[in-house]
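In what follows, a structure is listed as structure tokens, so that the remarks can point back to it.
In the text below, chain A, chain B and the rest are named by the order of the sequence lines, each starting its count at 1. What you are looking at is a predicted structure, and each value in this text was computed from that prediction instead of being measured.
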Protein chains: 2
Amino acid sequence: MKKNKILPAEENSGPLMADVADLAGVAISTVSRALANPGRVNAKTRAKIAAAAEKLGYTPNAMARNLRIGKSNIIMIVLPGSLHHGASQIIPQVLQSINQALIQNGYNLMIANLDRDETSERHILNLAFGGTVRGAIILSSKLPEVAGRSLAEAGLPIVSLLLDMSDASVPSVVTNDRGAVAEAARMLIARGHERFFYIAGPSDNYHDIERFSGLVDAFHETGLDPASITRSGGVLSYQHGFEAGKHAVEDFTQLAVKPTAVIAESDDMAISFISGVQARGWRIPEDLSVISFDGSPVCEYCHPPLSTIEQPVEVMGKTAVEILMQRMSEGADEVPTRMIIPSRLIMRKSVGPAAKANNSC
Amino acid sequence: MKKNKILPAEENSGPLMADVADLAGVAISTVSRALANPGRVNAKTRAKIAAAAEKLGYTPNAMARNLRIGKSNIIMIVLPGSLHHGASQIIPQVLQSINQALIQNGYNLMIANLDRDETSERHILNLAFGGTVRGAIILSSKLPEVAGRSLAEAGLPIVSLLLDMSDASVPSVVTNDRGAVAEAARMLIARGHERFFYIAGPSDNYHDIERFSGLVDAFHETGLDPASITRSGGVLSYQHGFEAGKHAVEDFTQLAVKPTAVIAESDDMAISFISGVQARGWRIPEDLSVISFDGSPVCEYCHPPLSTIEQPVEVMGKTAVEILMQRMSEGADEVPTRMIIPSRLIMRKSVGPAAKANNSC
DNA sequence: TTGTATGCGTTATCAT
DNA sequence: ATGATAACGCATACAA
């Protein structure tokens with residue numbers, strides 16, 4: 001039984017269910033039930049089967065099972081290539097939390113990279129349409145789509161993480177980007193800051209829009225003129241947030257009237273920006289207060305320790321998985337289309353009162 | 001053809017090979033050939049088939065294919081839970097490079113977390129013995145093993161990355177840890193440093209042993225007494241390298257005679273260590289020179305910019321995949337058991353000449 | 001409660 | 001060069 005007559009041969013592929021059945025002296029279907037539906041088989045035979053399986057070191061073949069039941073147990077996470085660099089500080093945590101939650105539900109996590117080339121899009125679509133994956137969690141602002149085929153039509157549940165795609169009817173798990181920035185900005189304004197410098201990631205990206213809007217909101221609320229907000233960045237091609245921060249230093253240097261507060265879209269941007277302006281003689285927070293986004297662990301050890309808006313990635317990841325599970329089990333589409341997990345502002349020494357006149361240097 | 005009579009029904013699972021065959025007016029086996037082995041089918045029929053497939057938007061079912069050929073096209077990467085925190089700065093790059101290389105070879109990447117509990121070990125073993133994955137790249141110092149079943153016996157190719165497991169006959173891709181640290185140490189010694197402080201990760205880990213040995217080597221070569229090396233760390237339970245660095249600050253503070261040079265096993269450790277000692281009045285590099293390991297991008301923006309031994313993770317990742325591919329194709333086991341990819345010392349301002357007497361503070 | 005038989009979607013063997 | 005057919009390993013409808 002162990003070895004088949006006709007086909008591949010190749011490497012020994014381990015004991016089969018049939019082997020277990022033989023050894024236990026029962027039919028193969030009984031083994032199948034004993035494993036999947038223990039309640040519906042006699043305790044005695046169940047014991048025999050368990051013993052046989054144990055003795056043979058039997059492990060069910062997942063591919064065969066999945067093919068038979070017509071479902072895969074693999075979920076893919078779609079990471080834009082840029083994320084590996086951009087918000088890279090939090091990616092490991094995201095993967096970790098998602099994977100843990102998935103495994104608890106009997107699923108596995110596959111990584112899919114979405115770059116700007118058609119090849120990667122096609123690859124992802126094949127994963128979806130070819131039945132390799134059962135669902136997707138995406139960290140990209142657009143769904144892969146090529147030759148008229150879109151991930152949206154693949155018939156599998158999708159959840160967007162970090163970016164709100166509920167407009168495109170993709171359930172999304174996000175943080176309160178806009179409100180969190182507004183809150184941080186209000187706090188800065190309360191400390192006397194009136195001129196802001198905003199370091200943006202790729203323009204028109206959800207994060208850019210929401211977070212910048214939050215800043216503008218705070219200005220409106222407090223009666224300040226949003227005209228005194230200077231934007232920097234918005235370039236798509238940066239590999240790292242670090243580069244954006246570096247470039248922002250140039251922009252900042254050329255300003256006739258210097259802002260006293262900086263809000264950066266990611267910790268990386270803030271870190272390299274701070275490094276750059278400090279090298280040119282500005283002091284943080286005496287001359288310039290800085291707050292960024294992400295809550296990377298490294299912020300605590302920056303010079304000075306960096307205030308950051310912490311994204312609750314653990315919770316967000318688990319929530320994304322929960323929603324995915326709901327979409328997959330309950331046939332219904334009655335699941336939330338947008339979950340907002342509040343972020344937390346971690347105040348550190350990079351923030352101080354506004355300097356009176358700091359156009360030195 | 002599209003819908004079958006008896007079974008699941010469920011969601012529409014897309015066009016099948018049979019549908020393509022029908023539309024093209026050929027047998028199903030011909031379609032299979034046309035797709036897999038284009039050379040062995042008439043150009044005309046091939047065109048018909050291609051047209052039909054195109055029109056239907058046909059995507060081959062991967063699970064069925066893999067089951068049939070008895071091979072999965074999924075490779076798993078085994079990440080110790082600690083790595084998500086410890087050396088986390090480089091994990092995204094590792095994943096990125098490995099995934100790219102895999103996809104070029106027609107494989108996909110699955111993530112597997114190896115924690116310290118038996119559950120995660122069992123899970124990984126099931127992935128292996130259940131045929132879900134075809135091979136593994138591990139970043140863990142030990143192979144999952146439970147109830148006598150070990151990953152080593154799963155009959156699938158394994159490559160170790162970052163850690164040398166060639167002793168356990170697992171082909172390994174590593175960097176020249178020992179030599180790189182020795183070189184860095186020699187350079188420091190040439191600058192007058194004679195008392196070193198070494199911040200270690202988990203004790204007896206490969207990295208700890210190799211890198212510390214490198215430091216000792218340099219001392220021997222230059223006729224210095226290794227007794228003037230102080231070790232700190234070696235604690236297993238730290239979640240972040242940051243914590244190790246923090247703790248090292250305590251150790252450092254209590255030393256009667258202060259070292260003038262520090263070597264840390266990871267950038268994270270160095271970053272939090274520097275932050276801590278600076279807060280207590282020490283100056284880098286005037287009082288203390290620091291070099292660490294990993295080459296995290298953030299080092300460039302530290303205060304002062306941090307010298308680091310860059311691990312060539314991109315090359316290492318690609319190399320690991322290459323070795324895996326060799327193991328899988330050429331039946332032979334005649335593949336290298338250890339590949340050493342040299343690292344590069346990036347010198348930055350965290351290093352200076354030894355202070356004459358810096359036991360101030 | 002257990003056994004028999006069929007099919008999941010594909011590849012590969014054998015004829016034609 | 002193409003077509004009919006039997007597996008791959010498992011799960012389920014149905015009969016016993």
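Between the A:Thr30 side chain and the A:Val26 main chain, no donor and acceptor come within less than 3.5 Å of each other.
Which of C:dT2, D:dG3, D:dA1 sits closest to the side chain of B:Ser29 comes down to D:dG3. Proximity note for B:Asn42 (side chain, C-beta onward) versus D:dG9, D:dA11, D:dT2: the nearest is D:dT2. With D:dT2, C:dG3, D:dG9 as the choices, the nucleotide that has an atom nearest any side-chain atom of B:Val41 turns out to be D:dT2.
Straight-line distance from the CG atom of A:Asn66 to the C1' atom of C:dG9: 13 Å, rounded to whole Å. Taking atom CG on A:Leu16 and atom P on D:dA7, their separation rounds to 14 Å, with Å as the unit. In this structure, the CG atom of B:Asn37 is 13 Å from the P atom of D:dT2, given to the nearest Å. Atoms CD1 (A:Ile49) and P (C:dT1) sit 13 Å apart, rounded to a whole Å. In this structure, A:Leu67 places its CG atom 6 Å from C1' of C:dG9, rounding to the nearest Å. Look at NZ on B:Lys48: it is 8 Å from P on D:dG3, rounded to the nearest Å. The interatomic distance linking B:Asp19 (CG) with C:dG9 (C1') rounds to 11 Å, in whole Å. If you measure from atom CD1 of B:Ile28 to atom P of D:dA7, you get 17 Å, rounded to the nearest angstrom.
Residue A:Arg65 places at least one side-chain N or O under 4.0 Å from the OP1 or OP2 atom of D:dA11. Considering only side-chain N and O atoms, A:Tyr58 lies under 4.0 angstrom from the phosphate OP1 or OP2 of D:dC10. A sub-4.0 Å separation between OP1 or OP2 of D:dA11 and a side-chain N or O of A:Ser32 is present.
Side-chain contact, B:His123 with B:Asn113: no donor N or O sits under 3.5 Å from an acceptor N or O. With 3.5 Å as the limit, one finds a donor-acceptor pair spanning the side chains of A:Ser120 and A:Asp117.
With hydrogens and angles ignored, a donor-acceptor pair under 3.5 angstrom links the side chain of B:Arg33 to the base of D:dG3.
The minimum heavy-atom distance between B:Pro157 and B:Leu324, with the atom names listed, is O-CD1, 3.7 Å.
Ranked by how close their nearest DNA chain D nucleotide is to the 5' end, A:Ala36 and B:Ala43 are led by B:Ala43. Two residues, B:Asn61 and A:Thr30, neighbour DNA chain C, and the one matched to the more 5' nucleotide by heavy-atom proximity is A:Thr30.
The residues B:Lys142 and B:Glu121 are annotated as salt-bridged, a charged nitrogen and a carboxylate oxygen being separated by less than 4.0 angstrom.
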